[in-house]
Amino acid sequence: MSQTRKRKIVINTGGGDAPGLNAVIRAAVLCSLRRGWEVWGIRSGYDGLMGDGTGVLPLDADSVRGITHTGGTILGTSNRGNPFKIALPDGTVEDRSAQVVERFHSHGFDALIAIGGDGSLSIAKDLHQRYDLPVVGVPKTIDNDLEATESTFGFDTAVATATDAIDKLHPTAQSHQRVMVVELMGRYAGWIALYAGVAGTADIVLVPEIPFSMEAVCQKILSRESSGRHFSIVVVAEGATPRGGELVVAKDQGPGREVQLGGIAERVAREITRRTGKETRHLALGHLQRGGQPSARDRLLSLRFGAAAVRCIEAEDFGKMVALQGGSIRSVSLKEATRRIRTVPLDSDVLQTARDLGTSLGD
Ligand code: F6P
């Protein structure tokens with residue numbers, strides 16, 4: 001490995017965790033050390049560079065030993081700390097981005113690897129655009145909803161966890177002749193619900209991209225009933241909405257933060273019982289989808305992303321995000337990557353496959 005200009009780089013993990021974060025950190029650290037660079041990590045997201053925040057810690061080969069297969073992030077994370085919109089006790093928000101940039105420079109850092117989803121990568125993009133901060137992004141989210149990359153890491157593991165849950169619901173639904181409604185993550189995009197729903201052979205899959213009608217949902221359940229199938233499995237993304245209806249919000253988390261979604265499965269279940277008389281149970285898989293060991297596919301993708309981010313820094317290719325395109329890793333502009341959420345295209349062959357298999361999409 002050739003020695004390039006010595007650099008001091010820092011890694012940030014922001015937003016909701018996803019299986020594979022530690023593998024990205026390991027790859028970024030080892031690839032940097034092999035170039036003779038120094039590597040640091042920010043504790044608990046951008047919080048570490050604000051106020052009396054949690055600070056930064058040096059990372060060496062020992063810090064990243066044996067973590068490729070572990071869930072979570074050894075650096076910690078937060079989805080409260082958007083430095084452009086810090087919530088104050090009086091309900092207003094304050095912009096502390098200049099402080100983050102000042103701390104970055106006072107630590108003598110040369111480049112930031114920002115591992116995040118749409119929220120954290122938008123922050124990275126703004127830090128680059130407004131302050132010319134040398135940033136490289138890595139696409140993380142179990143929701144798989146980032147533009148410009150065919151896949152984010154964490155998604156494959158989340159789909160496996162959700163599919164396993166659906167598999168486990170089948171026998172109990174069948175034994176009790178019940179309808180089981182399971183709520184999966186996916187705020188604005190139904191990737192997890194669709195992939196796990198199809199892989200787990202759910203009878204009805206409801207995604208944010210296709211507003212559903214309760215008539216269609218109940219019709220499917222009743223038609224199964226009349227053909228002797230006395231149970232049904234309904235998979236619903238947390239961000240799915242009935243036609244003309246709204247997102248089900250569990251909690252407003254205040255200024256500068258996304259609302260917490262949750263409760264659509266319960267509403268759908270209640271409505272199914274009311275309309276069909278079928279005994280129905282509901283559950284939300286919740287954060288189980290973010291936990292566990294990353295799948296082999298997610299580990300590999302994470303390691304590739306981490307190594308590619310270091311190559312971007314070496315080439316001074318800043319303001320970029322590493323992305324999977326056509327099976328290869330490329331770099332794309334953070335602006336392009338965060339322009340909009342990547343939803344399931346309505347002409348997706350997976351949606352078509354679901355329909356062809358007789359799965360109802362509630363429309
Ligand atoms: O990671 C994305 C996501 O899983 C969304 O699907 C979900 O709405 C959100 O995180 C929940 O995050 P938290 O409970 O950590 O605020």
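For ligands, and for the atoms within them, numbers begin at 1 and follow the listed sequence. Throughout, numbering of the chain's residues begins at 1 and tracks the sequence.
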- Query: Which ILVMFWY residues can you reach from Leu222 by hopping between side chains whose heavy atoms are under 4.5 Å apart?
  - Reply: none
- Query: Do the ring planes of Phe155 and Trp191 sit parallel (below 30°), tilted (30 to 60°) or perpendicular (above 60°)?
  - Reply: perpendicular
- Message: If only side-chain N and O atoms count, and only distance matters, is there a donor-acceptor pair under 3.5 Å linking Arg26 with Thr68?
- Response: yes
- Query: So, Asp164 versus Thr161: side-chain donor-acceptor pair below 3.5 Å or not?
  - Reply: no
- Query: Between Thr141 and Thr152, does any side-chain donor sit less than 3.5 Å from a side-chain acceptor?
  - Reply: no
- Message: Surrounding NZ of Lys8 (heavy atoms of other residues, nucleotides or ligands, distance under 6.0 Å), is the total greater than 12?
- Response: yes
- Within the 4.0 Å heavy-atom sphere of ligand 1, strictly under, residues: Asn79, Ile142, Asp143, Met185, Gly186, Arg187, Glu238, His287, Arg290
